[in-house]
Amino acid sequence: MTQPLPLPAPPDGTGHDYILVCKAIAFISRAFRDQPKTEEIAAAVGVSTAELNALFRRWAGLTPKAFLQAVTLDHARRLLDGEASVLDAAYDSGLSGPGRLHDLFVTHEAMSPGEYKAGGAGLTIRYGFHASPFGLALVMANERGLCGLAFADAAAAPGAALDPAAPAAAKSFSGPIGRAAALADMTHRWPRARLIEDTAATAPYAERIFRPDLWRADQPLNVFMIGTDFEVRVWQTLLKIPMGQATTYSTIAGHIGNPKASRAVGAAVGRNPVSFVVPCHRVLGKSGALTGYHWGITRKQAMLGWEAGRAG
DNA sequence: AGCAACAAATATC
DNA sequence: GATATTTGTTGCT
């Protein structure tokens, strides 16, 4: 019952491939400074270059080379932003993050259906914009905890720079662009809530969310989830996925008792208001493909790479 | 009516 | 043969 969420590790084919891809992603995230050749990546994983290419293409939708570029690009951008403090802190703090802390770190509290229906009436939400490893983040919180996390820039969806022949990556970014749009995207979920810009109040949240070294089970981050019953159940399941690992939509569907509801799970995952903290980026298609992501497929890749690099 | 899915069938190399 | 593309079905908002 309370088993730690069955991850796609089992039968021969898929599980094996999955591990290989994980290894490759971890290797690239770790060694991107050296700009390893595809050959070297393949050697590190233990397969031929042809296999690696096919595998990667099948699982991640792009070639190992393209993934390497994405990781490198992302790193460069963070340094350029002059917001290197978060990144440096993460790298320099030894990345001690024993990978499993994430799920312990986050506790949650759901809204009652009645409160949900009220559209957030009587709720006071404070919000602020903060730099993060994955672009400008919009952080929202109320007295009971963190209640929203979104991204406000399109910078992490550089489909063009990444792979000119893959307009899919750029097109897939359907999310809002810009602060006002991001704020609107989040607030229309709770139309009656009172909003106050209060960067000072949200800064501590931003600080803790993106620094694994601050994740502690004894000082949990409280998350206030606002959604329908079904959505909340899906999000709770997501919180059980350990950092650096991934699951599938259909696995979650089975886990909450409706094996055939995978499509609905996908929709619910996408509606998750606290992206990254509720690890929606750790959900892949059953074939292992990186499917959609509200804030851009590239950002999803960056998150997975970021985590893979410090989970092992 | 519309989805961040899936499986099976079919077309393509 | 192994991969693209299409088609029917699916559960929840």
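Quick note: numbers below take in every heavy atom, side chains included, and nothing from hydrogens, waters or symmetry partners. Here is the naming used below: chain letters follow the sequence lines, and residue numbers restart at 1 for every chain.
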Worksheet item: If you measure only the distance, is there a donor-acceptor pair under 3.5 Å linking the side chains of A:Y249 and A:T291?
Response: yes
Worksheet item: Looking for any heavy atom pair under 4.0 Å, which part of the strands does A:A264 touch: base, sugar-phosphate only, or nothing?
Response: base
Discussion item. If you assign A:R263 and A:R271 each to the DNA chain C nucleotide with the nearest heavy atom, which residue ends up on the more 5' nucleotide?
Written reply: A:R263
Worksheet item: What is the ring orientation for A:H281 with A:F276, classed by angle as parallel under 30°, tilted 30 to 60°, or perpendicular over 60°?
Response: parallel
Worksheet entry | Side chain A:R208, main chain A:P204, donor-acceptor under 3.5 Å | no
Worksheet item: Roughly how far, to the nearest 0.5 Å, is the CZ atom of A:R233 from the CG atom of A:D229?
Response: 5.5 Å
Item to complete: Ignoring hydrogens and angles, state whether a donor on the side chain of A:S275 or A:H294 is under 3.5 Å from an acceptor on the partner side chain.
Response: no
Discussion item. Strictly below 4.0 Å, N to O, side chains only: are A:R189 and A:E231 in salt-bridge contact?
Written reply: no
Discussion item. Just the rounded figure in Å: distance from C1' of C:dG11 to CZ of A:R233.
Written reply: 11 Å
Worksheet item: Under a cut-off of 3.5 Å for both distances of each Watson-Crick or G-U pair, what dot-bracket string does DNA chain C give, using [ ] for crossing pairs and | for inter-strand pairs?
Response: |||||||||.|||
Worksheet item: Between atom CG in A:N258 and atom P in C:dT10, what is the gap in whole Å?
Response: 14 Å
Item to complete: Measure the distance from CZ on A:F230 to P on B:dA5 and round it to the nearest whole Å.
Response: 13 Å
Worksheet item: Hey, is the side chain of A:K260 poking within less than 4.0 Å of OP1 or OP2 on B:dC6, counting only N and O atoms?
Response: no
Worksheet item: Roughly how many Å is it from CD in A:E51 to C1' in C:dA2, rounded to a whole number?
Response: 14 Å
Fill in: Touch class at under 4.0 angstrom, heavy-atom based, for A:Y249 against every strand present
base
Fill in: Length of the CD1-C1' vector between A:I256 and C:dC12, whole Å
10 Å
Practice prompt. Check whether any side-chain N or O of A:T228 sits under 4.0 Å from OP1 or OP2 of C:dT13, and answer yes or no.
Written response: yes
Item to complete: Report the distance from atom CG of A:L123 to atom CG of A:L195, rounding to the nearest 0.5 Å.
Response: 9.5 Å
Worksheet entry | Rounded distance in Å - CD1 (A:I226) to P (C:dT13) | 16 Å
Item to complete: Check the distance between C:dT10's P and A:I252's CD1 and give it to me in whole angstrom.
Response: 21 Å
